[in-house]
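Notes follow the structure.
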Amino acid sequence: MGGSVLSGSTDLPGYRRLALTLAEAVAAGRYDKDTPLPTDTELMTEYGLGRQTVRRAFQELVADGLVYRVRGRGTFPTDQPSTGRSVRSTDSIEQLEEWPGTEMEVISPLELKRDRVHAEKLELDGLVVAQLKVRRWIDNQPYAVNTIILPPDVAETLISENLIPTGRAPGTILASVGSVAGPVAGAEETVTAILVSDDIAEILNTAPGRPALHIERVYRNGNGVPVEISLTVHASERYEHRLSIHRAGHHGS
């Protein structure tokens, strides 16, 4: 068994914790074009993991655009841009909850408002929802603004348990929502293309009228109850959204 400790919550699967650990090492500059990441065997020995777990971790890093693999030579970091850019490969709730390498900043506090459309999507009895707005940062560059809509009772618990951070901080509101409303088990996602409005342009330090991605996700807990709606606008010059698509029955473990 290995003796090194992996990053991330112990509730995360081993492959995800290993991917987070390696991503942090890449971000810290421990590897470059002349210094490959450890081999599968080395990681298995260091962390006491199985081969399939290590391979799945590398699949995550490749899909996220952080590394590339060369047969016979090893695994190397990709050339990262000098200014902040987020590359997302969102095939797991764990990735959405962790969002490693980025920070969040609450720019509009939780408030109650009447909103029939989103109250219905949250399957609430009434018409009142709670809402806050978050700006996300990478390498000191703002790249996304996220409007988060919650059931009022969930919002009240977040406030009472002091789970809304101040200033810029790692992590996500989603992870905190899961801790009070039951672990998030899945999400329905809708992606559309929009033009950046004047107010969003100011928040993201970009130009009005530029193209942007608008991503809506409705998150549900293990009982199928909707616990959060996330409406996110991404600055296109600082964000890529990738999917890894597999034939049924051929996805890596």
Original post:
Can W137 be reached from L96 by stepping across I, L, V, M, F, W or Y side chains whose heavy atoms are under 4.5 Å apart?
Top reply: no
Original post:
Taking all atoms of both residues into account, what is the closest heavy-atom pair of M104 and P165, and its distance?
Top reply: CE-CG, 3.3 Å
**OP:** Return yes if some donor-acceptor pair links the side-chain N/O of N221 with the main-chain N/O of A181 below 3.5 Å, else return no.
**Re:** yes
Original post:
Going from CG on L18 to CZ on R55, what distance comes out if it is rounded to the nearest 0.5 angstrom?
Top reply: 13.5 Å
**OP:** Check whether any side-chain N or O of T78 sits under 3.5 Å from a backbone N or O of L66 as a donor-acceptor pair, and report yes or no.
**Re:** yes
Original post:
Is the side chain of T172 donor-acceptor paired with the backbone N or O of E97 at a distance under 3.5 Å, no angle test?
Top reply: yes
Original post:
Between the main-chain N or O of G186 and the side-chain N or O of R220, is there a donor-acceptor pair closer than 3.5 Å?
Top reply: no
Subject >> Criterion side chain to side chain contact (heavy atoms under 4.5 Å, CB included) on D139 and T102, from CA distance to verdict >> reply: CA-CA 8 Å; D139 295 338; T102 73; over 6 Å; no
Original post:
Side chains of R210 and L195: does their closest heavy-atom pair fall under 4.5 Å?
Top reply: no
**OP:** Would you check if V227 and V184 make a side-chain contact, meaning some heavy-atom pair closer than 4.5 Å?
**Re:** yes
Original post:
Is the number of heavy atoms from other residues, nucleotides or ligands within 6.0 Å of CG (D125) greater than 12?
Top reply: no
Original post:
Measuring from L127:CG to K113:NZ, what's the distance to the nearest 0.5 Å?
Top reply: 13.0 Å
Original post:
Quick one: hydrophobic cluster around V233, which other residues, with the 4.5 Å side-chain cut-off, linked directly or via members?
Top reply: I107, V145, I194, V196, I200, I203, L204
Original post:
Within a strict 4.5 Å, meaning less than it, do heavy atoms of the L132 and P109 side chains meet?
Top reply: no
Original post:
Is the shortest heavy-atom distance from the side chain of E189 to the side chain of I215 under 4.5 Å?
Top reply: yes
Original post:
Quick one: OH on Y219 to CD on E188, what's the gap to the nearest 0.5 Å?
Top reply: 11.0 Å
Subject >> Nearest heavy-atom neighbours spanning P151 and P226 >> reply: CG-O, 4.2 Å
Original post:
Would you say the side chain of K133 lies within less than 4.5 Å of the side chain of I148, judging by non-hydrogen atoms?
Top reply: no
Subject >> Under 3.5 Å: donor-acceptor pair, side chain of N223, backbone of V225 >> reply: no
**OP:** Please name the pair of heavy atoms, one in A201 and one in P208, separated by the smallest distance, quoted to 0.1 Å.
**Re:** CB-N, 3.6 Å
Subject >> OG1 on T75 to CG on L22, rounded to 0.5 Å >> reply: 9.0 Å
Original post:
Does any donor atom in the side chain of S230 or T232 lie under 3.5 Å from an acceptor atom in the other side chain?
Top reply: yes
Subject >> Approximate separation, where rounding is to 0.5 Å, of Q141 CD and T206 OG1 >> reply: 10.0 Å
Original post:
Taking ILVMFWY side chains as joined if any heavy atoms are under 4.5 angstrom apart, and letting links pass through other members, which residues group with L124?
Top reply: L122, V129, I149, V218, I229, L231
Subject >> Heavy-atom pair with the smallest gap, counting every atom of G126 and A119 >> reply: O-CB, 3.5 Å
**OP:** Let me know which of Q52, Q59, R56 forms a side chain to side chain contact (heavy atoms under 4.5 Å, CB included) with Y15.
**Re:** R56
Subject >> From L43 atom CG to L49 atom CG, the distance as rounded to the nearest 0.5 Å >> reply: 8.0 Å
Original post:
Just wondering, more than 12 heavy atoms not from R69 lying within 6.0 Å of its CZ?
Top reply: yes
Original post:
Hey, quick one: are F76 and F58 part of the same hydrophobic cluster, counting side-chain heavy atoms closer than 4.5 Å, chains of contacts allowed?
Top reply: no
Original post:
Would R168 and E105 pass as an ion pair if we require N to O under 4.0 Å?
Top reply: no
Subject >> Donor-acceptor contact present, side-chain E202 to main-chain D199, <3.5 Å >> reply: no
Original post:
Taking atom CD of E103 as the centre, does the number of heavy atoms from other residues, nucleotides or ligands within less than 6.0 Å exceed 12?
Top reply: yes
Subject >> T35 vs R30, side chain to side chain contact (heavy atoms under 4.5 Å, CB included): CA-CA, chis, key distance, verdict >> reply: CA-CA 8 Å; T35 307; R30 288 177 54 187; over 6 Å; no
**OP:** Could you tell me whether E216 and K121 have a side-chain N and a carboxylate O separated by less than 4.0 Å?
**Re:** yes
Original post:
How does the hydrophobic cluster around L112 look, that is, which other residues are in it when side-chain heavy atoms under 4.5 Å mark a link?
Top reply: V128
**OP:** Start with the C-alpha gap between L6 and L20, add the side-chain angles, then the distance that decides, and say whether side chain to side chain contact (heavy atoms under 4.5 Å, CB included) holds.
**Re:** CA-CA 8 Å; L6 295 169; L20 289 170; over 6 Å; no
Original post:
Is any side-chain heavy atom of T41 less than 4.5 Å from a side-chain heavy atom of R51?
Top reply: yes
Original post:
Heavy-atom distance under 4.5 Å between the side chains of E228 and L174, does that happen here?
Top reply: yes
Subject >> Exercise: identify the closest heavy-atom pair between A130 and P152 >> reply: CB-CA, 4.3 Å
**OP:** Tell me, with the steps shown, if T147 and Q131 meet side chain to side chain contact (heavy atoms under 4.5 Å, CB included).
**Re:** CA-CA 7 Å; T147 300; Q131 177 179 301; 3.7 Å; yes
Original post:
Are the side chains of Y68 and V62 in touch, meaning some heavy atoms are under 4.5 Å apart?
Top reply: no
